[in-house]
*Asks:* 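Pasting a structure below so you can have a look.
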Amino acid sequence: MSKPVVTRFAPSPTGMLHIGGVRTALFCWLYARRHQGTFILRVEDTDLTRSTDDNIRIIEEGMEWVGLDWDEGPIPGETDRYKGPHGPYRQMLRMDLYRAKIKELLDKGLAYRCRCSREDLDARRAEAEKEGRAFSYDGRCRDKAYDDSVPAAIRLKMPREGELVVEDLVKGPIAVPAVTLDDWIIARQDGTPTYNFCVVVDDVDMGVTHVVRGDDHVANTPKQIALYQALGYALPAFAHVPMILGKDKQKLSKRHGAASITEFRDLGFLPQAVRLTLAKLGWTPKVGGKAAESAEEEILTDAQLIECFELGEIQKAAAVFDLDKLTWVNQKLIQRLDWREIEPHLRWQWRRRDLLEAWDARPDAWKELAIGCNKNRANLHDMAETLAFLFARPASFDEAAKAKFLTEAVKPALREVAALEDYGHDALKAAIEAILQRHGLKLKDLAQALRVAFTGTVVSPPIYDTMALLGRDEVVARLAPWM
RNA sequence: GGGGCUAUCGUCUAGGGGUCAGGACGCCGCCCUUUCACGGCGGCAACACGGGUUCGAAUCCCGUUAGCCCUACCA
């Protein structure tokens, strides 16, 4: 029986939760869930200036919205309480642990104080560069055994020969010659520990078994491995997942449309659509051992994703994020949802109190029809917008459409429509067909005329549904100016 | 400069010695249609390059090229 799986997602609070980070978190989450393990959320906030409580909230909210629940980590909305036995889950608050570990390494002679000044180091680096040589710290303070009478940075003694091997679950074994790695700094002159040091100490302290993170950390891993060894800890498994790119193959950012998770929410995407699309970006789920062979099979549930997730199946190369694909997945998912599952997302899109009150005043059957006849929308934002005409009369009219459809010829038909009383779908259909007969009109002519009168535009749900939703009084009122 | 990673349609990918190189998104065309959509059918489109190994290479090996990451008292 192997150890229970523990994974972790450790974002830094930069003011937004990046979609690339979400995908990494998703892989951690999928793996933990797959093995009934633990998923930890830890805030990497050693950069004081950016680490406000607000920024931490943004991470919590993003994670909650996208549906990635964590077993250990911050309690959303609370600044100083955490769930899980390894807290606090904010690096800033774990300094005592770091200091103890640094002291331990110093005492054992596995790390040492380096009195080289920053200026000196910079000068040596510049010189090396000028000569076209690689700069690496030569370890000149390594055996000096300096005491703490002078402020000094602390370096880890790295192995000087052989190679360090990362057994990466997605990339395979990666061997790096020890000579290319210098004695790196684990604590600054002011005593604060550096990122690569904190990560290792935290991962060990929290019992992380699988380090799943972006592959921009691959090159840091050999350094970290040396630290694990110095500290006398067993190595976790590593899985470095490739980054996600924009269309121009550059790092995904706002100018590609959206990069932060909240933007995707505002754009009208379902959290499950984001999850599915992200999961399938760089990984192909093999349900029952085989990949999807039709569009239908592309749409999977979380349960299916969890059931077949394998870190080793993740693609090695970076992938371009395609908003069109997300949109398609979103649409497919919307089509499959019950109106009650869609409603909360629509409410979010509307947000305005007057709209919400108007909506709440309606009976369920009405809501069901309103959402049901709009299930083919690509996103919730559009759906919310196309439904808005139900709550407010058109503020303006498409002039071309008005001229084309609201003609003298349809006026008599309009008057007859206004006189109708039975708004049941079939009755409406029969009555309108009779009207068309009488006036020698085509459905297209009348339907479009009605749409313009009702919405100001030439687009609306199917015309009988539109009328049923508006109701007789409103239909008559909106028709009045045109008869 | 050094070290590392990567490379199949425009995009996401399946395939890992013998396949017409399969699917999905997008795109194009046709059909359906009361609008926008949905849906149905069809089409275009790829193994980065060069050498090996082999009867046979997209698949294995070696180079080249290109892109990315690291090379901080940033994270």
Side-chain angles (χ1 to χ4, degrees), chain A residues 10-12 14 44-47 50 91 114 116-118 121-122 125 128-129 131-136 151-155 166 168 171-172 174-177 179-182 184-196 198-199 214-223 240 242-243 245 247 249-251 277 280-284 286 290-299 315-329 331 335 374-378 382 386 401 405 432 436 442-448 450-452 455 457-464 466:
Chain A
S12 53
T14 57
E44 218 103 299
D45 64 346
T46 48
D47 181 344
R50 301 189 293 193
Q91 287 188 330
C114 170
C116 297
S117 71
R118 181 126 199 197
L121 253 13
D122 286 345
R125 197 181 338 267
E129 244 162 59
E131 293 170 19
R133 287 188 349 252
F135 174 79
S136 91
I154 296 167
R155 291 181 186 269
V166 184
D168 196 278
K171 309 258 182 192
I174 300 167
V176 177
V179 284
T180 64
L181 270 10
D182 55 6
W184 55 285
I185 290 175
I186 59 175
R188 306 178 182 94
Q189 215 173 81
D190 64 10
T192 58
T194 58
Y195 164 80
N196 280 301
C198 299
V199 175
D215 71 359
D216 48 335
H217 291 290
V218 174
N220 286 327
T221 309
K223 293 198 228 170
H240 287 97
M243 335 226 66
L245 276 20
K247 276 217 179 308
K249 309 249 175 179
Q250 296 302 113
K251 205 173 161 212
T277 305
K280 280 154 56 72
L281 186 63
W283 172 58
T284 304
K286 309 263 174 64
K290 67 178 188 14
E293 284 167 350
S294 68
E296 200 64 9
E297 290 174 3
E298 300 279 345
I299 307 299
Q315 209 72 24
K316 292 184 168 94
V320 173
F321 178 77
D322 184 7
L323 202 60
D324 287 335
K325 192 107 178 186
L326 207 212
T327 303
W328 177 80
V329 168
Q331 184 171 57
Q335 287 170 354
N374 269 289
K375 282 261 195 91
N376 49 8
R377 296 295 140 189
D382 284 358
T386 28
F405 296 110
I432 294 224
L436 293 175
K442 286 193 184 136
L443 178 54
K444 181 173 184 169
D445 303 322
L446 183 55
Q448 292 303 80
L450 291 170
R451 284 197 171 91
V452 177
T455 72
T457 74
V458 88
V459 177
S460 90
I463 200 66
Y464 306 124
T466 302

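Model, not experiment: these values are computed from the prediction. The analysis underlying the following values was restricted to heavy atoms, covering all of them including side chains, and did not include hydrogens, waters or symmetry mates.
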*Asks:* Take atom C1' in B:C9 and the same atom in B:A48, then report the distance between them in whole Å.
*Replies:*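 Per the computed distance, 14 Å lies between those C1' atoms.
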
*Asks:* Now, which nucleotide makes the Watson-Crick or G-U wobble pair with B:A72, with each of the two distances under 3.5 Å?
*Replies:*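 Check on B:A72: unpaired, no WC or wobble geometry under 3.5 Å.
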
*Asks:* Would you give the length of the straight line joining atom CD of A:Gln91 to atom OH of A:Tyr195, rounded to the nearest 0.5 angstrom?
*Replies:*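 Output value for this atom pair is 8.0 Å.
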
*Asks:* Side chain of A:Thr194 only, heavy atoms from C-beta on: which candidate in B:U34, B:A75, B:G2 is closest?
*Replies:*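 Among B:U34, B:A75, B:G2, the one nearest the side chain of A:Thr194 is B:A75.
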
*Asks:* Closest approach to the side chain of A:Gln250, judged atom by atom: which nucleotide of B:U34, B:C68, B:U6 is it?
*Replies:*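 The answer is B:C68, which lies nearest to the side chain.
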
*Asks:* A:Thr327 side chain to A:Ala378 main-chain N or O, any donor-acceptor pair under 3.5 Å?
*Replies:*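 No, the answer is negative, given that no donor and acceptor are paired below the 3.5 Å cut-off.
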
*Asks:* With the side chain counted from C-beta on, respond yes when A:Pro461 and A:Asn374 share a heavy-atom pair under 4.5 Å apart, and no when they do not.
*Replies:*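 The answer is yes, as the side chains (C-beta and beyond) meet within the 4.5 Å cut-off.
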
*Asks:* Can a side chain N or O of A:Arg125 be found less than 4.0 Å away from OP1 or OP2 on B:G2?
*Replies:*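 So the side chain of A:Arg125 is outside the cut-off, no N or O lying under 4.0 Å from OP1 or OP2 of B:G2.
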
*Asks:* Distance check, P atoms only: B:G18 and B:G2, in whole angstrom units.
*Replies:*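 Here B:G18 and B:G2 have their P atoms 39 Å from each other.
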
*Asks:* For A:Asp122, which contact category applies under a 4.0 Å heavy-atom criterion: base, sugar-phosphate, or nothing?
*Replies:*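 Nothing, no nucleic acid heavy atom in range.
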
*Asks:* Could I get the full list of salt bridge (Lys or Arg N to Asp or Glu O under 4.0 Å) partners for A:Lys223, not counting sequence neighbours?
*Replies:*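 Per chain and number, A:Lys223 pairs via salt bridge (Lys or Arg N to Asp or Glu O under 4.0 Å) with no residue.
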
*Asks:* Would you say CD of A:Glu296 has more than 12 non-hydrogen atoms from neighbouring residues, nucleotides or ligands within 6.0 angstrom?
*Replies:*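 Open.
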
*Asks:* For a 4.5 angstrom cut-off between non-hydrogen side-chain atoms, does A:Val166 reach A:Lys171?
*Replies:*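 They are not in contact (no side-chain heavy atoms under 4.5 Å apart), so the answer is no.
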
*Asks:* Rounded to whole angstrom, note down the P distance from B:C60 over to B:U8.
*Replies:*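 My reading of the P atoms in B:C60 and B:U8 gives 13 Å.
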
*Asks:* Using a cutoff of under 3.5 Å, can you pull out all pairs of nitrogen or oxygen atoms linking the protein to nucleotides 36-39 of chain B, with atom names and distances?
*Replies:*
| residue | atom | partner | partner atom | Å |
| --- | --- | --- | --- | --- |
| B:C36 | O2 | A:Arg377 | NH1 | 3.3 |
| B:C36 | O2 | A:Arg377 | NH2 | 2.4 |
| B:A37 | O2' | A:Asn376 | O | 3.1 |
| B:A37 | N3 | A:Asn376 | ND2 | 2.6 |
| B:C38 | O3' | A:Gln335 | NE2 | 3.3 |
| B:G39 | OP1 | A:Lys332 | NZ | 2.7 |

*Asks:* Contact class for A:Ile463 (heavy atom, under 4.0 Å): base, sugar-phosphate, or nothing?
*Replies:*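 Contact class for A:Ile463: base.
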
*Asks:* Pull out every protein N or O sitting under 3.5 Å from an N or O of nucleotides 42-46 of chain B, one pair per line with the distance.
*Replies:*
none

*Asks:* Using atom C1' of each nucleotide, how far apart are B:A66 and B:C31 to the nearest Å?
*Replies:*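 Going atom to atom, C1' in each nucleotide, I get 45 Å.
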
*Asks:* Would you mind calling B:C25 syn or anti? Take O4'-C1'-N9-C4 for purines or O4'-C1'-N1-C2 for pyrimidines, and syn is within 90° of 0.
*Replies:*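 Anti, angle beyond 90° from zero.
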
*Asks:* Run the salt bridge (Lys or Arg N to Asp or Glu O under 4.0 Å) test against A:Arg125 and tell me which residues pass, sequence neighbours left out.
*Replies:*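 If we apply the salt bridge (Lys or Arg N to Asp or Glu O under 4.0 Å) test to A:Arg125, skipping adjacent residues, the hits are A:Asp122.
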
*Asks:* When rounded to the nearest Å, what value does the distance between P atoms of B:G23 and B:C36 take?
*Replies:*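 Comparing P positions in B:G23 and B:C36 gives a spacing of 30 Å.
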
*Asks:* As a test of reading the structure: which of B:G1, B:G4, B:A24 is closest to the side chain of A:Ala134, going by heavy atoms?
*Replies:*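 Of the options given, the side chain of A:Ala134 lies nearest B:G1.
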
*Asks:* Any strand counts, and the cut-off is 3.5 Å on both contacts for Watson-Crick or G-U wobble. Which nucleotide pairs with B:A66?
*Replies:*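 WC or wobble partner is B:U6.
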
*Asks:* Using Watson-Crick or G-U wobble geometry with both distances below 3.5 Å, tell me the partner of B:G42, or none.
*Replies:*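 Here B:G42 is engaged in a pair, and the nucleotide opposite it is B:C28.
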
*Asks:* Between A:Asp168 (side chain only) and A:Ile174 (backbone N and O only), is there a donor and an acceptor less than 3.5 Å apart?
*Replies:*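 Answer holds: no.
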
*Asks:* Find out whether A:Trp328 and A:Glu298 are in side-chain contact, i.e. whether some heavy atom of one side chain is under 4.5 Å from a heavy atom of the other.
*Replies:*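 They are in contact (side-chain heavy atoms under 4.5 Å apart), so the answer is yes.
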
*Asks:* Which part of the nucleic acid, if any, lies within contact of A:Ala128, taking any heavy atom under 4.0 Å across all strands shown: a base, the sugar-phosphate backbone alone, or nothing?
*Replies:*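 No contact.
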
*Asks:* Do A:His240 and A:Thr221 have side chains that approach each other closer than 4.5 Å (heavy atoms only, starting at C-beta)?
*Replies:*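 Yes - at least one pair of side-chain heavy atoms lies under 4.5 Å apart.
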
*Asks:* Which one is paired to B:U59, where only Watson-Crick or G-U wobble pairs with both distances under 3.5 angstrom count?
*Replies:*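 Partner of B:U59: none.
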
*Asks:* Does A:Lys247 have any salt bridge (Lys or Arg N to Asp or Glu O under 4.0 Å) partners at least two apart in sequence or in another chain, and if so, which?
*Replies:*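 Salt bridge (Lys or Arg N to Asp or Glu O under 4.0 Å) list for A:Lys247, sorted by chain: A:Asp322.
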
*Asks:* Does B:U19 have a Watson-Crick or wobble partner in any strand here, with both distances under 3.5 angstrom, and which is it?
*Replies:*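 By the stated definition (distances under 3.5 Å), nothing pairs with B:U19.
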
*Asks:* Rounded to the nearest angstrom, tell me the gap between atom CG in A:Leu121 and atom P in B:U71.
*Replies:*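 The distance from CG of A:Leu121 to P of B:U71 comes to 14 Å, rounded to the nearest Å.
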
*Asks:* Who does B:U33 pair with, Watson-Crick or G-U, both distances under 3.5 Å?
*Replies:*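 Per the H-bond distance test, none.
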
*Asks:* I'd like the P distance from B:C27 over to B:U33, given in whole Å.
*Replies:*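 Those two atoms are separated by 23 Å.
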
*Asks:* Please work out if A:Arg118 contacts a base, only the sugar-phosphate, or nothing of the nucleic acid, heavy-atom cut-off 4.0 Å.
*Replies:*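 The answer is base, as A:Arg118 lies within the cut-off (heavy atoms under 4.0 Å) of a base atom.
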
*Asks:* Are the side chains of A:Leu450 and A:Thr466 in touch, meaning some heavy atoms are under 4.5 Å apart?
*Replies:*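 They are not in contact (no side-chain heavy atoms under 4.5 Å apart), so the answer is no.
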
*Asks:* At less than 4.0 Å, is any side-chain N or O atom of A:Thr180 found next to OP1 or OP2 of B:G2? Yes or no.
*Replies:*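 Indeed not, no polar side-chain atom of A:Thr180 lies that close.
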
*Asks:* Restricting to nitrogen or oxygen on both sides, can you table the protein-nucleotides 7-12 of chain B pairs closer than 3.5 Å?
*Replies:*
| residue | atom | partner | partner atom | Å |
| --- | --- | --- | --- | --- |
| B:U11 | OP1 | A:Lys249 | NZ | 3.3 |
| B:C12 | OP1 | A:Val320 | N | 2.8 |
| B:C12 | O2' | A:Lys280 | O | 3.2 |

*Asks:* Tell me what A:Ser294 touches on the nucleic acid: a base, only sugar-phosphate, or nothing, going by heavy atoms under 4.0 Å.
*Replies:*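 Sugar-phosphate: the residue A:Ser294, judged by heavy atoms under 4.0 Å, touches backbone atoms but no base.
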
*Asks:* Taking the same atom, C1', in B:G16 and in B:A21, what whole-Å distance lies between them?
*Replies:*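 Their C1' atoms lie roughly 13 Å apart.
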
*Asks:* Within this structure, what is the CD-to-C1' distance between A:Glu297 and B:G23, rounded to whole angstrom?
*Replies:*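 The distance from CD of A:Glu297 to C1' of B:G23 comes to 9 Å, rounded to the nearest Å.
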
*Asks:* Classify the nucleic acid contact of A:Asn220 as base, sugar-phosphate or nothing, counting any heavy atom under 4.0 Å across all strands shown.
*Replies:*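 Since a base atom lies under 4.0 Å of A:Asn220, the category is base.
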
*Asks:* Tell me: CZ of A:Arg451 to P of B:U35, nearest whole Å?
*Replies:*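 In whole Å, B:U35 P and A:Arg451 CZ are 7 Å from each other.
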
*Asks:* Step through the shown structure and confirm whether more than 12 heavy atoms of other residues, nucleotides or ligands are within 6.0 Å of NZ on A:Lys375.
*Replies:*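 More than 12 heavy atoms, drawn from other residues, nucleotides or ligands, come within 6.0 Å of this atom.
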
*Asks:* Atom CD of A:Gln189 to atom P of B:A72: distance rounded to whole Å?
*Replies:*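 Result: 17 Å.
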
*Asks:* How far, in whole Å, is B:A46 from B:G22 if one measures between their P atoms?
*Replies:*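 11 Å, rounded to whole Å.
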
*Asks:* For a quick check under 3.5 Å, do A:Asn196 and A:Thr194 share a side-chain donor-acceptor pair by atom type?
*Replies:*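 There is no such pair between these side chains.
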
*Asks:* Searching all strands shown, indicate the nucleotide that pairs with B:U54 (Watson-Crick or G-U wobble; both distances under 3.5 Å).
*Replies:*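 WC or wobble partner does not exist here.
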
